[in-house]
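First the structure, in the form of structure tokens, and then the observations on it.
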Amino acid sequence: MSRSFSSSTTSKPAPDLFLHAASRMEVDPSRCVVVEDSQYGVAAARAAGMRAFGFAGGLTPEGWLAGPDTVVFTEMAELPGLVARAQEVGASW
């Protein structure tokens, strides 16, 4: 019998979903990035020990996403360069 993780009783900012994804992909959470547009998603990424990229190009104010281990951006076209730059400057990947 398989278990559907989406039926979990915990929700963001609990890191369970992100940790489950990393485990299933057999990747250490510190080597993962999460792209989120909500403060709870960014908080969950941080709690999972993952690098968060907070998209503030929608309804969520930039200030709600900013914080440790988080890069806030407003244009999705910026994302590939931001991820590459984070990797170059010593992220734990």
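Throughout, residue positions are numbered sequentially from 1 according to the sequence presented.
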Check: P68 main-chain N/O paired with T70 side-chain donor or acceptor under 3.5 Å: yes
Could you tell me the separation between the CG atom of D16 and the OG atom of S23, rounded to the nearest 0.5 Å? 12.0 Å
ILVMFWY cluster, W64 and V42 together (side-chain gap under 4.5 Å): no
Do L19 and V34 sit in one hydrophobic cluster, given that two such residues count as connected whenever their side-chain heavy atoms are within less than 4.5 Å of each other, even indirectly? no
Looking only at non-hydrogen atoms, find the nearest pair between P13 and A47 and report the distance. O-CB, 4.2 Å
In terms of heavy-atom contacts, F18 and A44 come closest through CE1-CB, 3.6 Å
Nearest heavy-atom approach of V72 to A56 is CG1-CB, 3.8 Å
Please tell me if the side chains of R51 and V71 come closer than 4.5 Å, counting only heavy atoms from C-beta onward. yes
d(R85 CZ, Q87 CD) to nearest 0.5 Å is 12.5 Å
Measure up the F73 and F55 rings against each other and bin them: parallel (under 30°), tilted (30 to 60°), perpendicular (over 60°). tilted
Any pair counted as side-chain hydrogen bond (donor to acceptor under 3.5 Å, both in side chains), so long as it reaches residues 32-42, sequence neighbours left out: K12-E36, E36-S38
Under 4.5 Å between side-chain heavy atoms, hopping through other hydrophobics if needed: is there a path connecting M76 to L82? yes
